[in-house]
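What follows is a set of notes on a single structure, which appears directly below.
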Amino acid sequence: MKLAIGNDHAAAEMKIEIQQYLEEKGIDVVDFGCAPKEKCDYPVIGEAVGKAVAARQVDGGILMCGTGIGISLAANKIAGVRAAVCSEPTSARLSRQHNNANIIAFGARIVGIETAKEIVDAWLNAQFEGGRHQRRIDLIHQIEERQKHE
Ligand code: RB5
């Protein structure tokens with residue numbers, strides 16, 4: 001499995017810990033984020049990870065900023081991205097089971113590292129349930145298609 005990871009300056013330390021956590025599980029990680037002491041703008045990072053995920057260069061993405069909100073908003077501008085910002089593992093699990101979220105996001109100023117790892121695990125270990133949920137995802141895709149022609 002290969003995942004993209006991305007963060008702004010608010011989440012650089014957390015990104016390092018999460019990247020290490022993933023690599024210990026044997027997951028390849030492509031880092032689009034900024035390093036500690038660098039400053040960067042979350043929309044730039046969210047777009048880059050969103051494009052890598054939408055192009056299927058990776059199997060999914062993990063995004064972090066102060067709240068997880070700004071960086072997920074940016075990623076969700078890319079067609080095909082379903083980025084879910086979560087502050088606890090139940091939402092993370094459901095974001096995969098029901099929404100087939102291909103990016104999970106969280107905030108380094110909102111959750112601690114242990115909760116962040118639980119969120120990552122819940123998202124990674126869950127399976128999309130398909131069925132009625134696929135129909136709703138198809139409806140989201142249709143919004144993207146309609147927007148292209150408006
Ligand atoms: C950066 O200070 C902060 O605004 C950003 O990390 C994020 O929380 C935005 O949603």
Side-chain angles (χ1 to χ4, degrees), residues 1-8 10-11 14-15 17-33 40-150:
M1 176 183 276
K2 190 196 273 193
L3 296 177
I5 201 166
N7 62 283
D8 74 354
M14 180 172 274
K15 184 274 300 290
E17 291 200 61
I18 294 294
Q19 181 168 1
Q20 192 178 337
Y21 185 63
L22 294 167
E23 287 170 348
E24 282 166 7
K25 294 175 185 284
I27 295 170
D28 289 335
V29 179
V30 187
D31 181 12
F32 289 86
C40 61
D41 295 320
Y42 61 78
V44 176
I45 311 294
E47 179 182 7
V49 169
K51 283 183 172 168
V53 169
R56 303 195 184 214
Q57 292 160 0
V58 289
D59 301 305
I62 298 179
L63 288 173
M64 287 154 268
C65 63
T67 59
I69 295 171
I71 204 159
S72 60
L73 289 176
N76 275 318
K77 294 295 179 191
I78 305 298
V81 165
R82 290 177 303 281
V85 55
C86 296
S87 300
E88 37 69 37
T90 302
S91 300
R93 172 174 58 79
L94 286 164
S95 79
R96 179 80 96 178
Q97 291 175 327
H98 290 192
N99 316 111
N100 205 10
N102 48 17
I103 295 181
I104 195 80
F106 40 87
R109 294 174 180 158
I110 306 296
V111 300
I113 186 64
E114 292 310 319
T115 302
K117 288 176 182 174
E118 287 176 18
I119 289 167
V120 168
D121 284 340
W123 175 71
L124 280 178
N125 295 333
Q127 301 291 324
F128 178 51
E129 291 178 355
R132 68 187 189 279
H133 303 298
Q134 182 60 57
R135 188 177 61 77
R136 290 160 185 160
I137 285 171
D138 291 344
L139 288 168
I140 293 176
H141 178 64
Q142 287 169 26
I143 297 170
E144 292 170 344
E145 290 300 305
R146 280 199 299 275
Q147 183 109 46
K148 276 185 202 165
H149 303 108
E150 280 172 9

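Side-chain atoms of Ile45 and Cys40, non-hydrogen and from C-beta on, do get closer than 4.5 Å to each other. Taking the side chain as every heavy atom from C-beta outward, His141 and Ile137 never approach each other to under 4.5 Å. Between Val44 and Tyr42, every side-chain heavy-atom pair lies at or beyond the 4.5 Å cut-off. Within the 4.5 Å cutoff, no side-chain heavy atoms of Glu17 are placed close to those of Met14.
The closest side-chain donor-acceptor pair between Asp138 and Gln134 falls under 3.5 angstrom.
One distance of note links CD of Glu144 with CG of Leu139; it measures 11.5 Å at 0.5 Å rounding. Ile143 contributes atom CD1, which lies 13.0 Å from atom NZ of Lys148 (distance to the nearest 0.5 angstrom). Ile140 CD1 to Asn76 CG: the interatomic distance, rounded to the nearest 0.5 Å, is 9.0 Å. Rounding to the nearest 0.5 Å places OG of Ser87 at 6.0 Å from CD1 of Ile119. The SG atom of Cys65 sits 11.5 Å away from atom CG of Asp41, with the distance rounded to the nearest 0.5 Å. To the nearest 0.5 angstrom, Asp31 atom CG is 12.5 Å from Ile18 atom CD1.
Under the salt bridge (charged side-chain N to carboxylate O under 4.0 Å, His left out) criterion, the residue pairs touching residues 45-61 are Glu47-Lys51, with sequence neighbours excluded. Within the structure, ring-ring contact (aromatic ring centres under 6.0 Å, His included) pairs that include any residue of residues 74-102 comprise His98-His133 (at least two apart or interchain). Annotation: ring-ring contact (aromatic ring centres under 6.0 Å, His included) contacts involving residues 64-87, sequence neighbours excluded, are absent. The ring-ring contact (aromatic ring centres under 6.0 Å, His included) pairs that include a residue from residues 111-130 number zero, where partners must be two or more places apart or lie in different chains. Annotation: ring-ring contact (aromatic ring centres under 6.0 Å, His included) contacts involving residues 67-95, sequence neighbours excluded, are absent.
Taking every heavy atom of both residues into account, Ala54 and Val81 meet most closely at CB-CG2, 4.3 Å. Heavy atoms only, all atoms of each residue included: Gly61 and Val49 are closest at CA-CG1, 4.2 Å. Counting all heavy atoms, side chain and backbone alike, Val58 lies closest to Leu3 at CG1-C, 4.1 Å. Across Gly46 and Ala74, no two heavy atoms sit closer than the pair CA-CB, 4.2 Å. The nearest pair of heavy atoms linking Met64 to Ala11 is CB-CB, 3.4 Å. Nearest heavy atom pair, residue Ala126 against residue Gln97, reads CB-CG, 4.1 Å.
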Side chain to side chain contact (heavy atoms under 4.5 Å, CB included) evaluation trace for Lys25 with Asp121: CA-CA 11 Å; Lys25 294 175 185 284; Asp121 284 340; 2.9 Å; yes

Worked verdict on Arg136 versus Arg132 for side chain to side chain contact (heavy atoms under 4.5 Å, CB included): CA-CA 7 Å; Arg136 290 160 185 160; Arg132 68 187 189 279; 3.6 Å; yes

Evaluation steps, side chain to side chain contact (heavy atoms under 4.5 Å, CB included), between Lys2 and Ile27: CA-CA 6 Å; Lys2 190 196 273 193; Ile27 295 170; over 6 Å; no

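Within 6.0 Å of CD on Glu145 lie more than 12 heavy atoms contributed by other residues, nucleotides or ligands. Dense packing is recorded around CG of Asn99, with more than 12 heavy atoms of other residues, nucleotides or ligands lying under 6.0 Å away.
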Considering only distance and modelled atom types, tabulate donor-acceptor pairs under 3.5 Å from the side chains of residues 101-117, sequence neighbours left out.
{"from": "Asn102", "atom 1": "OD1", "to": "Arg82", "atom 2": "N", "distance (Å)": "2.7"}
{"from": "Asn102", "atom 1": "ND2", "to": "Gly80", "atom 2": "O", "distance (Å)": "2.9"}

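With respect to Met1, the side chain to side chain contact (heavy atoms under 4.5 Å, CB included) criterion is satisfied by exactly one of Leu124, Asp28, Leu22: Leu124.
In summary, Asp8 and Lys15 do not engage in a salt bridge, as defined by a charged side-chain N under 4.0 Å from a carboxylate O.
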